[in-house]
Amino acid sequence: NFSLPVVEAFGIPKPILQPSINVRKLLTNRPKISFTPPAILKSFQKETSVSVSGETPNESSDKPRVYWEKPTRPKLKTTLLILAAVLGITKTLAISTSPSSIPLSAGIINSGDTAWMLVATSFVLAMTPGLALFEAGLLRSKNTVSIITQCLSGLSVLSLLWFTVGFSLCFGPTDLGLLSSPLDHLFLKGVGWSTSLPLAPTIPGVLFASFQCMFAAITPLLVTGSFAERFKFKGFLSFAVLWSLICYYPMCHAVWGGGWLAQRGVLDFAGGIVIHAIAGVASIVTAKMLGSRKTESPGKQSESNYPIAAAGAGLLWMGWFGFNAGSSLIAGGLAANTLLVSHLAAAAGSVVWMALDWTTGGKPTLLGILNGALSGLAGV
């Protein structure tokens, strides 16, 4: 007969209190488990209330006795199915990353460069919510949720578009210098996680694609400032997708993907042409097409939340370090120098705009300081 302490000590499954029963009958009909109860009983006979003599205990004894239920076991078919699924997934991953399906590495992957580019990619990602907060702080309060929704939904939609065909259109083999085929790297086909690409020989190919994805996502969102409060959500999504396909992807391929501008010696280190120039032109054209507002008096100041705008500008300032310094694609002196000049440009732009406000309006303004900093970051 097993006492409850023995049951707890040796993990006998699910002890249930029952009246006294025959121990020999219990041991003879016991379920198959991972240990032999008689051996345990003999080892602890002197220390526990265990009887192995086979004598029938006193039936009148009111001391409870314990037996164990048969433990449940996973079915063999279920185990085999799980094992087969794991092996199938492993084989699929092995085939997808085999040398026959991925281009040969353009160089040796450097752990330091990879670590820096992971950080830089995260910094550029933070620029999108920073842009949303900056614009929301400068709009009327009833439209703050609208502009934040546009920025964050645009980030998601444009990221999926980049993953599907965007990377292939921009960085695939060039076709007449305009665009590459959308099928060359469809769904990032041939872009390995353990191999690099010729454009970034010291970091994994998927990391380079992710870094460029942040650029492709935020560029159309920069144009939202020209039509804030003026577009419906459906119109915004249509504009973001079509503008990416018609404007951004061809320009990215022409300059960064070895297209017709790159073949003529055009250089763009961190998006001055590919991002800021075309986004600026698109903003001017969009504002011109929409025309001036008819519900507001000229020069009337709209309701604003400057603390939110300042928080967004701070995120943009920090994210620009990854934007510019990350464009070096390596961790070294070039990235360090780029970070320094980016910060100095923001500081200089902020001070100049503050001085202009001070001399023309009699006092510096927060909006002028923020605009000056962002102008310096874009200009550098």
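Just so it is clear, the values below take in all heavy atoms, side chains as well, and ignore hydrogens, waters and symmetry mates. By convention here, the first residue in the shown sequence is residue 1.
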*Asks:* Can you list everything that forms a side-chain contact (heavy atoms from CB on, under 4.5 Å) with Leu188? Sequence neighbours excluded, please.
*Replies:* Phe163, Phe167, Val191, Ala209
*Asks:* Report, one line per pair, each donor and acceptor closer than 3.5 Å where one atom sits in a side chain of residues 371-380; sequence neighbours left out.
*Replies:*
{"from": "Asn371", "atom 1": "ND2", "to": "Leu367", "atom 2": "O", "distance (Å)": "3.3"}
{"from": "Ser375", "atom 1": "OG", "to": "Asn371", "atom 2": "O", "distance (Å)": "2.7"}

*Asks:* Taking all heavy atoms of Ala120 and all of Phe211, pick out the closest pair and write down the distance.
*Replies:* CB-CE1, 4.2 Å
*Asks:* Can you give me the closest heavy-atom contact between Trp317 and His343, atom names plus distance?
*Replies:* NE1-ND1, 3.3 Å
*Asks:* Excluding sequence neighbours, so at least two apart, what forms side-chain contact (heavy atoms from CB on, under 4.5 Å) with Pro307?
*Replies:*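 Applying side-chain contact (heavy atoms from CB on, under 4.5 Å) to Pro307 gives Asn305.
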*Asks:* Quick one: list whatever passes ring pair (Phe, Tyr, Trp, His ring centres under 6.0 Å) with Phe233, sequence neighbours left out.
*Replies:* none
*Asks:* Donor-acceptor pairs under 3.5 Å, side chain of residues 325-333 to any protein atom, not counting sequence neighbours: which ones?
*Replies:*
{"from": "Ser327", "atom 1": "OG", "to": "Phe323", "atom 2": "O", "distance (Å)": "2.7"}
{"from": "Ser328", "atom 1": "OG", "to": "Ala325", "atom 2": "O", "distance (Å)": "2.7"}
{"from": "Ser328", "atom 1": "OG", "to": "Ile330", "atom 2": "O", "distance (Å)": "3.1"}

*Asks:* Determine the interplanar angle of the Phe227 and Phe236 rings, folded into 0 to 90°, and report it as parallel if under 30°, tilted if 30 to 60°, perpendicular if over 60°.
*Replies:* tilted
*Asks:* Could you work out, with side-chain hydrogen bond (donor to acceptor under 3.5 Å, both in side chains) as the rule, every residue matching Ser146, not counting sequence neighbours?
*Replies:*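 Checked Ser146 against side-chain hydrogen bond (donor to acceptor under 3.5 Å, both in side chains); zero matches.
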*Asks:* Using every non-hydrogen atom in the two residues, find where Ile203 and Ser196 come nearest and quote the distance to one decimal.
*Replies:*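 Looking at all heavy atoms of both residues, the shortest contact is O-CB, 3.1 Å.
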*Asks:* Just verifying a value: how many Å separate Thr128 OG1 and Ile148 CD1, rounded to the nearest 0.5 Å?
*Replies:*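 The CD1 atom of Ile148 is 13.0 Å from OG1 of Thr128, to the nearest 0.5 Å.
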*Asks:* To the nearest 0.5 Å, tell me how far Gln212 CD sits from Thr121 OG1.
*Replies:*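 Output value for this atom pair is 9.5 Å.
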*Asks:* Could you identify which residues cluster with Leu344, counting Ile, Leu, Val, Met, Phe, Trp and Tyr as linked when any side-chain heavy atoms lie under 4.5 Å apart, either directly or through a chain of such contacts?
*Replies:*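 Same cluster as Leu344: Leu340.
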*Asks:* How long is the straight-line distance from CD of Gln150 back to CD1 of Ile147, given to the nearest 0.5 Å?
*Replies:* 4.5 Å
*Asks:* Determine the minimum heavy-atom distance between Leu290 and Arg230, stating which atoms define it.
*Replies:*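 Result for this residue pair: O-NH2, 3.3 Å.
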*Asks:* Taking only distance into account, with no hydrogens and no angle test, what donor-acceptor pairs under 3.5 Å do side-chain atoms of residues 256-267 form with protein atoms, sequence neighbours excluded?
*Replies:*
{"from": "Trp256", "atom 1": "NE1", "to": "Asp268", "atom 2": "O", "distance (Å)": "2.8"}
{"from": "Gln263", "atom 1": "NE2", "to": "Gly258", "atom 2": "O", "distance (Å)": "3.2"}
{"from": "Arg264", "atom 1": "NH1", "to": "Trp260", "atom 2": "O", "distance (Å)": "2.9"}

*Asks:* Okay, side chain of Ser122, backbone of Leu118: is any donor-acceptor separation there less than 3.5 Å?
*Replies:*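 A pair under 3.5 Å: yes.
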*Asks:* Short question: side chain of Thr144, backbone of Ser141 - any donor-acceptor pair under 3.5 Å?
*Replies:* yes
*Asks:* Kindly list each side-chain donor-acceptor pair under 3.5 angstrom involving residues 215-224, sequence neighbours excluded, with atom names and distances?
*Replies:*
{"from": "Thr219", "atom 1": "OG1", "to": "Phe215", "atom 2": "O", "distance (Å)": "2.6"}
{"from": "Thr224", "atom 1": "OG1", "to": "Glu135", "atom 2": "OE1", "distance (Å)": "3.0"}
{"from": "Thr224", "atom 1": "OG1", "to": "Glu135", "atom 2": "OE2", "distance (Å)": "3.1"}
{"from": "Thr224", "atom 1": "OG1", "to": "Leu221", "atom 2": "O", "distance (Å)": "2.5"}

*Asks:* Mind checking whether Tyr306 and Val145 sit in one hydrophobic cluster, side chains of I, L, V, M, F, W, Y counted as touching below 4.5 Å?
*Replies:*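 Cluster IDs for Tyr306 and Val145 differ.
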*Asks:* For residues Trp193 and Met214: do they belong to one hydrophobic cluster (side chain heavy atoms under 4.5 Å, members Ile, Leu, Val, Met, Phe, Trp, Tyr)?
*Replies:* yes
*Asks:* Evaluate the side chain to side chain contact (heavy atoms under 4.5 Å, CB included) criterion for residues Trp162 and Leu169: first the C-alpha distance (whole Å), next the side-chain angles of each, then the deciding distance (0.1 Å), finally the verdict.
*Replies:* CA-CA 9 Å; Trp162 176 261; Leu169 289 173; over 6 Å; no
*Asks:* Do Pro204 and Thr195 come close enough that some side-chain heavy atom pair is under 4.5 Å?
*Replies:*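 They are not in contact (no side-chain heavy atoms under 4.5 Å apart), so the answer is no.
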*Asks:* Hydrophobic side-chain clustering at under 4.5 Å (ILVMFWY, transitive links): who's grouped with Leu160? Put none if nobody.
*Replies:*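 So far as hydrophobic clustering goes, Leu160 is joined with none.
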*Asks:* Which atom names give the shortest non-hydrogen contact between Asn143 and Leu139, and what distance separates them?
*Replies:*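 Reported closest heavy-atom pair: O-CD1, 4.0 Å.
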*Asks:* To the nearest 0.5 Å, tell me how far Ser168 OG sits from Leu183 CG.
*Replies:* 7.0 Å
*Asks:* If we count only N and O atoms by modelled type, under 3.5 Å, do the side chains of Thr202 and Asn110 hold a donor and an acceptor together?
*Replies:* no
*Asks:* Counting only N and O atoms by type, is there a donor-acceptor contact under 3.5 Å from the side chain of His253 to the main-chain atoms of Cys170?
*Replies:*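 Present.
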*Asks:* So which heavy atom on Phe208 is nearest to which on Ala200, and how close?
*Replies:*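 In this case the closest contact between Phe208 and Ala200 is CD1-CB, 3.7 Å.
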*Asks:* Does either side chain, that of Ser342 or that of Asn324, offer a donor lying less than 3.5 Å from an acceptor on the other one?
*Replies:* yes
*Asks:* When clusters are formed by joining ILVMFWY residues with side-chain heavy atoms under 4.5 Å apart, either directly or through shared neighbours, do Trp320 and Val119 land in the same one?
*Replies:* yes
*Asks:* Pairs under 3.5 angstrom only: tabulate donor-acceptor contacts from the side chains of residues 273-289 to other protein residues two or more places apart or in another chain.
*Replies:*
{"from": "Ser283", "atom 1": "OG", "to": "Ala279", "atom 2": "O", "distance (Å)": "2.8"}
{"from": "Thr286", "atom 1": "OG1", "to": "Ala282", "atom 2": "O", "distance (Å)": "2.7"}

*Asks:* Could you check Leu161 against Val241 for side chain to side chain contact (heavy atoms under 4.5 Å, CB included), going step by step and ending with a plain yes or no?
*Replies:* CA-CA 8 Å; Leu161 182 64; Val241 172; 4.1 Å; yes
*Asks:* Can you give me every donor-acceptor pair (side chain of residues 349-358, partner residue at least two apart or in another chain, under 3.5 Å) with its distance?
*Replies:*
{"from": "Ser350", "atom 1": "OG", "to": "Ile369", "atom 2": "O", "distance (Å)": "3.4"}
{"from": "Asp357", "atom 1": "OD2", "to": "Thr365", "atom 2": "OG1", "distance (Å)": "2.7"}

